[in-house]
*Asks:* 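Please read through the structure below; I'll follow up with questions.
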Amino acid sequence: MIGTDLRATETDPRRSPGRWLALSVLVLAVLLVAVDATVLGLATPFLSENLKPSGTQLLWIGDIYSFVIAGLLVSMGSLGDRIGRKKLLLTGAVAFGAVSVLNAYATSPEMMIVARALLGVAGATLMPSTLALIRNIFHDPKERSLAIGIWGAAASAGAAMGPVVGGFLLEHFWWGSVFLINLPVMAVLVVVGVKLLPESKNPAPGPWDLQSVLLSLVGIVGVVYAIKEAAAHGLRWDIAAAAVLGVAALVRFVRRQLRIRHPLLDMRLFRNRGFSGAVLADLLTILGLSGLIFFLSQYLQLVQGRGPLEAGVAELPAAVGAVTAGLLAGRAARRFSVRLVVAGGLAGVGLATASLVVLTENTGYPMLGAVLLVVGVGAGFSFTVTADVILSGVPKEQAGAASAVSETAYELGAALGIALLGSIVTGVYRGFPTPAEVPAETAAAAHESLGGAVEAARVIPGQQSAELVAAAQEAFVDGLRIAAGAGAAVLLAASVVAWFLLRGQKLEDGSEDGSEDELKQLVDAGH
């Protein structure tokens, strides 16, 4: 049954253990993307030393991946609905592995930015396909909630594995090795996925509208670029032009979707208050968190002096909390309410982030670990339930497009968070006073990034070196505190939004026998 068309499994969807084996393949795809997203933060100091990017180039390396993914997710989700989600997933996995090699052997900041952009193109095929396949494989609502919880737990586990595995690699190999770990995961995914994954697609999808694809790409990338550049450099005529072009393209995109017979994205989905509320909550949450997460690895390494592996292990509480909460989220939302679980989770994340406004260079790990644990638990509850709300609110034929909207909100929030909160950190950092007698050339390099300051300090005398690094670290932490306050405000606003927009929202109930018990039986039986 595993290798047959999905329609065969629909006749008795609860009795086939193949759906859980298929889920294991989807988990590999999630791990592939999650590991790649988090491992870059640890590699940043080494990348800075080797490629010597400017501060702006470093931000582009960090967020171009998310920009491209955000611009293409809706198009790729719709493409999967048309040509088959399994086909798109496996094709994207092969491309993701191949482009990872290009990232690993980049020889300049410009080449790295292009390689990360291409990785974003490949990555855009993966996440919508995994969620859409879950929607079509698991028909029982309680089983689907558990499957989404496992999917979310895998993303969190990948976020944890990235720093730990990446830290180990960085202590023994060169920075490019963190991208090569994608290759074995991709190989297993493709070989096993060919056998285990059922194919599914919209039986009457209509043509793939290339004009809509272009409009969505230009619109999202144009708007995000304008916000990023305005936050970093202030408003200029070229930035204003990008904003106008992006907004115009998005307006044209929406009008076109409402007019054509087979839209790339059915805009009527947003008439559902629960769907819109879940999407908006996801976007605001990631916006509030992502910029801080991007800089936290640099804080642990370049301010507190931890090695890459130690820094990766230090970030584990967030993943542990997210995995645990993700597996319990569906049950909690049915017992209490969707809006209580989502809004409460986001409030917890916001308050934990707010506590970082008292961060110093010498803050002890117990506080950092506690903050990360609360962030993980809150995010695990929120993201799992909102993903369930988004998937449950659409027909399974549109699962790819709906999943893409969810992932677009995530990636757009990540890009905006890195751009806006990252620009706060960078802006404050660049204003630090250079100690006397430090050469102008060295001072200029030090003001580009904290990694640049540590590297530049190695070529000047001991006392000057120590003063330069201390001044740079202090400025970096000052920026991080301000960004934490801004991020907390966004997260608490997201909690309020979720409380009002998710009012009355419920998760579907499944059949009486629990999916958790059936999964345990499958595991015990050796499946």
Side-chain angles (χ1 to χ4, degrees), residues 40-63 109 112 163 167 170 175 231-233 290-308 310-312 314-315 356-365 367-368 417-487:
L40 182 65
L42 282 175
T44 296
F46 299 86
L47 188 150
S48 297
E49 179 181 346
N50 187 262
L51 299 184
K52 295 181 172 53
S54 66
T56 300
Q57 287 176 325
L58 195 60
L59 283 177
W60 272 110
I61 290 171
D63 59 25
M112 188 67 185
L170 289 168
W175 62 266
H233 306 295
S290 58
L292 298 176
I293 298 302
F294 180 75
F295 284 103
L296 185 60
S297 292
Q298 295 181 61
Y299 169 81
L300 292 170
Q301 292 180 79
L302 298 178
V303 176
Q304 294 206 328
R306 302 176 191 269
E310 184 184 359
E315 296 176 21
L356 293 178
V357 297
V358 299
L359 192 72
T360 69
E361 295 91 322
N362 301 312
T363 296
Y365 183 72
M367 175 188 168
L368 289 174
I418 292 175
L420 299 177
L421 300 184
S423 295
I424 291 175
V425 176
T426 302
V428 173
Y429 171 80
R430 285 177 174 171
F432 79 88
T434 306
E437 299 182 6
V438 171
E441 207 173 289
T442 303
H447 280 90
E448 286 295 329
S449 67
L450 181 56
V454 173
E455 179 66 19
R458 294 176 181 173
V459 301
I460 57 179
Q463 183 62 30
Q464 292 180 3
S465 174
E467 291 177 357
L468 178 63
V469 170
Q473 290 174 337
E474 183 179 355
F476 182 85
V477 174
D478 286 344
L480 198 53
R481 283 198 296 264
I482 296 173

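Since the model is a prediction, treat every value here as computed from it, not as a measurement.
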*Asks:* Minimum heavy-atom separation for L356 to A484, with atom names?
*Replies:*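 Where L356 meets A484 most closely, the heavy atoms are CB-CB, 3.7 Å.
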
*Asks:* Once you round to the nearest 0.5 Å, how far does CG of L421 lie from CG of L480?
*Replies:*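 One finds 10.0 Å between CG of L421 and CG of L480.
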
*Asks:* Ignoring hydrogens and angles, write down the donor-acceptor pairs under 3.5 Å from the side chains of residues 465-477, residues two or more places apart or on other chains.
*Replies:*
unit_1	atom_1	unit_2	atom_2	d
S465	OG	A457	O	2.8
E467	OE2	Q463	NE2	3.0
Q473	NE2	L302	O	2.7

*Asks:* Provide the closest heavy-atom pair for I424 versus A483 in the form atom of the first, atom of the second, distance.
*Replies:*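 Closest pair (atom of I424, atom of A483, distance): CG2-N, 4.0 Å.
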
*Asks:* Keeping Y429 on the side-chain end and G479 on the backbone end, is there a donor-acceptor pair under 3.5 Å?
*Replies:*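 Checked: no pair found.
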
*Asks:* Verify, without hydrogens or angle tests, whether H447 (side chain) and F432 (backbone) share a donor-acceptor contact under 3.5 angstrom.
*Replies:*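 Side chain of H447 to backbone of F432, a donor-acceptor pair under 3.5 Å: yes, one is there.
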
*Asks:* Compare every heavy atom of N362 with every heavy atom of Q304, then report the nearest pair and how far apart it is.
*Replies:*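 Q304 and N362 have their closest heavy atoms at NE2-C, 4.1 Å.
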
*Asks:* Which heavy atom in R481 sits nearest to a heavy atom in L359, and how many Å separate them?
*Replies:*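 That would be NH1-O, 2.7 Å.
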
*Asks:* If you compare all heavy atoms of L368 against all heavy atoms of Y299, which two are closest, and at what distance to 0.1 Å?
*Replies:*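 Closest approach of L368 to Y299, heavy atoms only: CD1-CE2, 4.0 Å.
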
*Asks:* Residues in side-chain contact (heavy atoms from CB on, under 4.5 Å) with E310, at least two apart?
*Replies:*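 Only R306 meet the side-chain contact (heavy atoms from CB on, under 4.5 Å) criterion with E310.
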
*Asks:* Which atom names give the shortest non-hydrogen contact between L300 and A314, and what distance separates them?
*Replies:*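 Looking at all heavy atoms of both residues, the shortest contact is CD1-CB, 4.2 Å.
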
